[in-house]
Amino acid sequence: MKKLFYQTKATLNFFKPEYRDCLSSAKHGLERESVRIQKDGKMSLTPHPKFLGSSLKHPLIKTDFAESQIEYATNIHKSIPDALSELTDLHQFTMLGLGDELLWPFSMPPVLPADSKIPVGLYGTSKEGRKKEIYRKGLGNRYGRKMQTISGVHYNISFDTCLLSKVAELRYKKPLTIETKSEIYFDTIRNFYRLSPALIYLFGASSLVDQSFSEPKGKLKTLFKNTLGNQYATTLRLSTIGYTSKVQKKYPISVNSLMEYVTDMCHVVSKRYPPYSAFDVKKESQLNDFILQLENEYYSLVRPKQVPLGEERVVDALARRGVEYLEIRLLDLDPFSPIGVEENRLYFLHLILLYCMMSESPKSTSLEMKDWQKNQEIVTWEGRKKDAKIKFNGKEIPIPDFIYQVLVETQTLVDLLDSNNGDGPYSRAWENQWEKWNDSSSLGSRSQILDLELNGFGFRELGLQLAKSHKKDLLQKKLNPKKIQMYEEMALNSLTEQMQVEDLEGSAIKKNRKPIVLKPLDLCGGAVS
């Protein structure tokens, strides 16, 4: 089989020992979502715990879509272990005050009530808080509240200036500017999409779902007690019943350049989609009736990101200051980890992203982008089927052959990053993926099914068992008293800050509520919602 990717002479310079430190240096951040559950395994319907602070103003602990869906967001760290350590601390602090409640370990949700009974996140009466709540109501109306309770892990990575400068100089023959930096990131994004079938297969861990999520239909079958699934699926979270959208597929967002991405994003956040007009904006059923209410409604495996300033819109921030980091969004929760993710996955993702950056990345055509979407559908539903194939460069390739080639082609980079130490973190992560390739029973998507077959119970029983075990493990590791005090103060400060904002705005008086109007899109023709 021919090589999947090629490197230029300039890029091959980086496969030398003198560039090792430059290659491995990066900034890492983690986000983890998880649904709070009662001790019987059902979704909790209680408000966001006060001891965790304000979900509006807390810098590290928020809520995602639902009021009972906790979202952790770590600070930025110079190493993967440091990011994981902070994520662990946040989980330990949570467990200290969670009482009888637990955190559901799977990406696919626990036992759910009727769709309308799932409470969306509540953020108070300030303008910012109301916007967040209305946005979530819009998501629920457009896609269903049950789908929005699906959880995952996001891995944020920013390449070191040392690396970006050298790549700009040697490969692009340019100085490192906003434009060059963004070009490097978008070249990396396209190659990441090209290799994504391997990552979806290796990291997929959501082949099952509780029957309260859906009726058995289409590709979903009853496999165990109260449990639906598909025997060949890898990740239902990224499948057609998860975080995908038929509407969004009609309006693909180009990743060929920053300009094309911004232009396409401006279109979808400013163009009305008539079917969405059924949800009354005046009754706060959604923020607007555009294809996307906000830029963050866009479902993708990876997002180019820039930190907005104040009320600046996401797309304006990108257009002004270019790409600052990548948000990798394809990771299912690892149900066997107390914090939902383990380091092998992150080191392997870092490795793959470096390889994507180091390789030639031709512009993508509309046909190739359709292949990416089709590949995702095939791997999510049929990834473990022996004869399943995906398309790469317009040609069909059996999934095992494709993964084999990805692993072979990244070996040189692994050896460089670990200085040929087979016990180094990149080597361990790489070997772990070889084990999955060699034995599909070690895949997260397959091991869950094996557990149910061996134990004779259903998805909800396994989830409850794991949730209890994770809580016990986290509580046994004593959190430093100084960190407990720090998190307590952080929670209190966030609650105070929310109260101050609400008092300042005078928005607690409901009769004075005015319609939410988003900041105009300065660089998108001045469109407003």
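In this structure a side-chain-to-backbone donor-acceptor pair under 3.5 Å is missing from T235 to G204. A distance-only check finds a donor-acceptor pair linking the side chain of S239 to the backbone of L236 [under 3.5 Å]. Remark: the backbone N or O of I150 is paired with a side-chain donor or acceptor of Y243 at under 3.5 angstrom. Side-chain atoms of D210 do not come within 3.5 Å of backbone N or O of P110 as any donor-acceptor pair. In this structure, the side chain of K146 does not engage the main chain of D115 through any donor-acceptor pair within 3.5 Å. Between the side chain of D160 and the backbone N or O of C162 there is at least one donor-acceptor pair closer than 3.5 Å. With R303 contributing its side chain and N296 its backbone, the two residues share a donor-acceptor pair below 3.5 Å. Of the possible polar contacts, none joining the Q465 side chain to the E461 backbone as a donor-acceptor pair under 3.5 Å is found. Checking side-chain atoms of E327 against main-chain N and O of P304 turns up no donor-acceptor pair under 3.5 Å. A donor-acceptor distance shorter than 3.5 angstrom exists from the side chain of S158 to the backbone of E324, with no hydrogens or angles considered.
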Practice item. Go through the steps for W381 and T234 under the test side chain to side chain donor-acceptor pair (under 3.5 Å), then give the verdict. Key: CA-CA 6 Å; W381 281 111; T234 56; over 6 Å; no
Exercise for review: Could you please spell out the steps behind the side chain to side chain contact (heavy atoms under 4.5 Å, CB included) verdict for N493 and E497?
Suggested key: CA-CA 6 Å; N493 290 341; E497 186 178 355; over 6 Å; no
Exercise for review: Just do the side chain to side chain contact (heavy atoms under 4.5 Å, CB included) check on R345 and V153 with the steps written out, would you?
Suggested key: CA-CA 11 Å; R345 300 184 182 209; V153 170; over 6 Å; no
Practice item. Could you give me the CA-CA distance, side-chain angles and deciding distance for L139 and Q293, then say whether side chain to side chain contact (heavy atoms under 4.5 Å, CB included) is met? Key: CA-CA 9 Å; L139 293 176; Q293 300 173 89; 4.0 Å; yes
Exercise for review: Evaluate the side chain to side chain contact (heavy atoms under 4.5 Å, CB included) criterion for residues L462 and L452: first the C-alpha distance (whole Å), next the side-chain angles of each, then the deciding distance (0.1 Å), finally the verdict.
Suggested key: CA-CA 7 Å; L462 177 59; L452 298 193; 3.7 Å; yes
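Here the closest heavy-atom approach between residue G383 and residue Y201 is recorded as O-CE1, 3.3 Å. Annotation for S207 and A233: closest pair CB-O, 3.5 Å, computed over non-hydrogen atoms. Nearest heavy-atom pair, L98 versus P49, reported as atom, atom and distance to 0.1 Å: CD1-CG, 4.2 Å. Shortest non-hydrogen contact noted between M490 and P59 is SD-CG, 3.8 Å. Minimum interatomic distance between V323 and K181 (heavy atoms only, all atoms of both residues): O-CE, 3.5 Å. Q498 approaches G124 most closely through the heavy-atom pair NE2-CA, 3.6 Å.
For the atom pair CD1 of I118 and CZ of F65, the computed distance is 7.0 Å after rounding to the nearest 0.5 Å. A distance of 10.5 Å separates OG of S126 from CD of E133, quoted to the nearest 0.5 Å. With rounding to the nearest 0.5 angstrom, the OG atom of S182 is 11.5 Å from the CZ atom of R321. Going from atom CD1 of I37 over to atom CZ of R460 covers 11.5 Å, rounded to the nearest 0.5 Å. Considering CD of E297 and CG of L292, their distance stands at 5.0 Å, rounded to 0.5 Å. Atom OG1 of T227 and atom NZ of K221 lie 16.0 Å apart (nearest 0.5 Å).
Counting only heavy atoms from C-beta outward, the side chains of V302 and T188 never approach each other to under 4.5 Å. Using a 4.5 Å cut-off on side-chain heavy atoms (C-beta onward), V262 and C266 make contact. For the pair L195 and C356, the minimum side-chain heavy-atom distance is below 4.5 Å. Annotation: side chain of T240 is in contact with side chain of E377 (closest heavy-atom distance under 4.5 Å). T74 has its side chain out of reach of L60: every pair of non-hydrogen atoms, C-beta onward, lies at least 4.5 Å apart. Side-chain contact between Q286 and K137 is absent, with no heavy atoms from C-beta onward closer than 4.5 Å. Counting heavy atoms from C-beta on, the side chains of F159 and L353 come closer than 4.5 Å. Looking only at side-chain heavy atoms (C-beta outward), H48 and L122 stay at 4.5 Å or farther from each other.
E453 CD: more than 12 foreign heavy atoms inside a 6.0 Å radius. Within a 6.0 Å sphere centred on NZ of K471, heavy atoms belonging to other residues, nucleotides or ligands number more than 12. The environment of NZ in K249 is crowded: more than 12 heavy-atom neighbours from other residues, nucleotides or ligands sit within 6.0 Å. Heavy-atom neighbours of M499 CE from other residues, nucleotides or ligands within 6.0 Å: at or below the threshold of 12. Heavy-atom contacts from other residues, nucleotides or ligands closer than 6.0 Å to NZ of K27 number 12 or fewer.
Under the 3.5 Å distance criterion, with hydrogens and angles disregarded, no donor-acceptor pair is assigned to the side chains of D100 and Q38. With 3.5 Å as the limit, one finds a donor-acceptor pair spanning the side chains of D82 and S79. Side-chain contact, Q433 with K436: a donor N or O sits under 3.5 Å from an acceptor N or O. A donor-acceptor contact under 3.5 angstrom links the side chains of Q69 and S151, judged on distance only. With hydrogens and angles left out, the side-chain atoms of S68 and R36 include no donor and acceptor closer than 3.5 Å. A donor atom on one side chain and an acceptor atom on the other are not found under 3.5 Å apart for S285 and D280. Side-chain contact check for Y72 and T94: at least one donor-acceptor pair (N or O, by modelled atom type) lies under 3.5 Å. Remark: the E101 side chain and the T46 side chain contain an N/O donor-acceptor pair separated by less than 3.5 Å. Judged purely by distance below 3.5 Å, without hydrogens or angles, the side chains of T63 and Y123 pair a donor atom with an acceptor atom.
Between F459 and F213, the ring centre distance reaches or exceeds 6.0 Å. Checked against the 6.0 Å centroid threshold, Y426 and F348 do not count as a close aromatic pair.
When each of L354, I352, L346 is tested with H350 by the rule side-chain contact (heavy atoms from CB on, under 4.5 Å), just one qualifies, namely L354.
A salt bridge is absent between E128 and R130: the closest approach of a Lys/Arg side-chain nitrogen to an acidic carboxylate oxygen does not fall below 4.0 angstrom.
With sequence neighbours excluded, no residue forms a ring pair (Phe, Tyr, Trp, His ring centres under 6.0 Å) with F192.
Using cut-offs of 30° and 60° for the angle between ring planes, the Y261 and Y298 rings count as perpendicular.
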